[in-house]
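Below you'll find the structure, written out as structure tokens, and then a few comments.
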Amino acid sequence: MDKITVAKGNGIGPEIMDATLRVLDAAGASLQYDEIELGESVYLSGNTSGITDEAWDIIRKNKVLLKAPISTPQGKGYKSLNVTMRKSLGLFSNVRVCKSLAPFIATKHPDMDVVIIRENEEDLYAGIEHQQTPEVTQCLKLISRPGCEKIIRYAFEYAKQYNRKKVTCFVKDNIMKLTDGLFHQVFDEVKTEYPEIESDHYIVDIGAARIADTPEIFDVVVMPNLYGDIISDITAQISGSVGMVGSVNVGNSCTMFEAIHGSAPDIAGKGVANPSALLNSAVMMLNHLGQHDIAEKIANAWLKTMEDGVHTPDIFNDETSTKKASTTEFTDAIIANLGQVPSQLAKADFSKHRPIKLHQAKRAPRPEKTLVGVDLFADWPGTNPAEIADKLQKMCFDGIELKMITNRGVMVWPKGFDETFCTDHWRCRFQRNNNEPLSKKDVAILFANAIDQEVDVIKSENLYDFDGKPGYSLGQGQ
Ligand code: NAD
């Protein structure tokens, strides 16, 4: 008997969780449940994290969580609990299988069968944001080598395990050369360990367009967090409905299974919610727990119900639906079909399913790191860059020079265009000639000189070379 944690969530959460648990019980799943409260009621009790310490303890003890969607109250002060849980529990990989069930579920893409593997812990979801000047806010995009290695290796291992032929990488490294560039570089390194699996790469914008237009050319697609968040919803929707796709958030210790959709407050309490996404997540969970026969029994009964045309309103269509079913009627139909298999759709077969085990990535030797400059960011309400350049040049000493000023990344000094719109946020780059190193003390003196010149420095970034290779971007136009 496996003990799991169950969170019924908010909105349609309790309706689809009850439906899912009814099917699990009827199929003979060997499970015991610990129920925890998450989300709305916890937020509204004054706990801005949406989760109590006791709930954390239960999740960490049982290690497997089946979670219905939760509502994040609008307004400041409430952190998204989903993001907190994924990051706090080290759930580095989010897997969503988006497969068409044509002709039974309407889709423009009858042949699609795409798995989106989304990095789950890094990128812009680090949640490190600051307002730096009255006009400018910033969100830090963090991409780490160990993070890339874990998710990309997971994608290839997934492809190997499930007999998938190709892994594709989506990034925007023509623009973000260091962050997305690292993701792409690690992809190119890891793919050499899997010569039997085809691999390719798209810039994310054209990749997203191709997924929306011809998803059947993709197989497994791996990408950083934000792109994965957006593209996995698109991929799920075009396969039939967001109400159908389950997901797993994989960690080294804990694993969380959840529907990809939200709490759907617009239909909550109406008895019409489609429980398929949560049920499919539960099927993934049974496979994770090694209860493959029960997982198969449920998946096949669900596929048969799709073929029978017993459909909730979100997937009801004139061609193949035979009954517009309530959540309860739909669930009853699945239970009645337990033990049966679909006649046209491919039968579920999980007999070869094994948990994906990643070997511990080796930490690369640390490169030689040399401080070769500093970017000081200043809040200045002026409009003529030459004026602030004058003050900044007065800060220079001992061969350190003001090399350039950019505004929102575009060079405005020593060269620039009158047409460039400038905000109150100026990046001022100081370096010695010939890339001679700086000391930390040089940086401190620059800060002190900025105070003397009444330059309002609001943050700084050290410029390092790593083994002689610049670890910073140039200004646009430089
Ligand atoms: P949503 O996914 O809840 O709803 C979008 C649309 O899809 C709605 O029209 C809804 O009725 C429909 N829909 C979603 N699931 C359905 C289902 N199972 N059956 C039938 N129709 C379904 O997205 P939203 O409206 O943007 O978000 C509502 C709330 O959910 C917000 O508070 C948001 O923060 C939260 N949310 C939670 C999660 C999660 O817990 N993992 C994910 C996304 C959004």
Side-chain angles (χ1 to χ4, degrees), residues 6-20 23 36-44 48-51 55 59 65-87 89 91 94-96 98 105-106 116 118 120 125 127 225-226 228-249 256-282 284 302 305-306 310-317 321 324-331 334:
V6 163
K8 292 193 171 179
N10 313 127
I12 59 169
E15 298 165 56
I16 59 174
M17 183 61 85
D18 288 345
T20 299
V23 177
I36 55 164
E37 190 98 349
L38 288 182
E40 212 163 28
S41 58
V42 184
Y43 283 120
L44 297 176
T48 52
S49 68
I51 180 167
I59 292 170
L65 168 64
L66 182 63
K67 180 183 136 309
I70 49 186
S71 309
T72 312
Q74 297 292 315
K76 293 203 169 157
Y78 297 110
K79 278 259 179 201
S80 161
L81 180 53
N82 292 313
V83 177
T84 305
M85 290 180 79
R86 290 170 191 156
K87 290 197 301 187
L89 295 172
L91 308 179
N94 186 315
V95 182
R96 297 177 173 187
C98 306
I105 303 299
I116 303 290
R118 161 189 172 191
N120 229 4
Y125 289 62
N225 206 339
L226 178 63
D229 192 0
I230 298 165
I231 291 173
S232 61
D233 265 28
I234 295 173
T235 315
Q237 183 63 33
I238 64 172
S239 71
S241 162
V242 287
M244 307 273 279
V245 177
S247 76
V248 52
N249 297 272
M256 176 168 86
F257 298 84
E258 60 178 345
I260 71 155
H261 57 76
S263 57
D266 53 333
I267 56 165
K270 295 188 178 156
V272 293
N274 186 347
S276 297
L278 190 62
L279 186 65
N280 283 326
S281 311
M284 292 167 128
W302 177 75
T305 309
M306 292 292 133
V310 179
H311 295 160
T312 45
D314 58 311
I315 51 171
F316 188 86
N317 66 87
S321 300
K324 194 178 271 186
S326 67
T327 309
T328 306
E329 290 166 333
F330 181 71
T331 309
I334 297 170

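Residue numbers run from 1 in the order of the sequence given. We count ligands from 1, going down the list as the structure has it; atoms in each ligand are counted the same way.
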- Filtering Asn249, Thr72, Val83, Val242 for the heavy atom nearest atom 34 (O) of ligand 1 leaves Thr72
- Query: Nearest heavy atom to atom 22 (C) of ligand 1: which of Leu81, Ile267, Ile16 does it belong to?
  - Reply: Ile267
- Query: Should the proximity of Asp314 to ligand 1, defined as any heavy atom under 4.0 Å, be assigned to the side chain, the backbone, both, or neither?
  - Reply: side chain
- Do Ser241 side-chain atoms and Gln237 backbone N/O form a donor-acceptor pair below 3.5 Å? no
- Task: Considering heavy atoms of the protein only, find what lies nearest to atom 29 (C) of ligand 1 and give residue, atom and distance to 0.1 Å.
- Result: Ser263 OG, 3.2 Å
- Message: Which option wins on minimum heavy-atom distance to atom 28 (C) of ligand 1: Gly13, Pro265, Ala68, Gly9?
- Response: Pro265
- Message: Applying salt bridge (Lys or Arg N to Asp or Glu O under 4.0 Å), can you list everything that pairs with Asp314, at least two apart in sequence or on another chain?
- Response: none
- In terms of side-chain heavy atoms, does Lys87 have a donor or acceptor partner in Asn120 at a distance below 3.5 Å? no
- Counterpart residues, side-chain contact (heavy atoms from CB on, under 4.5 Å), relative to Lys270 (two or more places apart): Val272
- Message: Looking only at protein heavy atoms, which one is nearest to atom 2 (O) of ligand 1, and what is the separation?
- Response: Gly262 N, 2.7 Å
- Does the side chain of Ser247 pick up a donor-acceptor pair with the side chain of Arg96 at under 3.5 Å? no
- Query: Purely on distance, is any nitrogen or oxygen of Arg86 under 3.5 Å from one on ligand 1?
  - Reply: no
- Query: Using 4.0 Å as the upper bound for N to carboxylate O, is an ion pair formed by Arg86 and Glu258?
  - Reply: yes
- With side chains defined as the heavy atoms from C-beta onward, is the minimum distance between His261 and Pro69 less than 4.5 Å? yes
- Item | Flag: protein heavy atom within less than 4.0 Å of atom 42 (C) of ligand 1 | yes
- Proximity of Ile12 to ligand 1 by residue part, where a heavy atom lies under 4.0 Å: side chain
- Purely on distance, is any nitrogen or oxygen of Ile260 under 3.5 Å from one on ligand 1? no
- Among non-hydrogen protein atoms, atom 4 (O) of ligand 1 lies closest to Ala264 CA, 4.2 Å
- Item | For Ser71, the ligand 1 atoms whose distance to one of its heavy atoms is below 4.0 Å | 32 (O)
- Item | Protein heavy-atom partner closest to atom 35 (C) of ligand 1 - residue, atom, separation in Å | Ile70 O, 3.3 Å
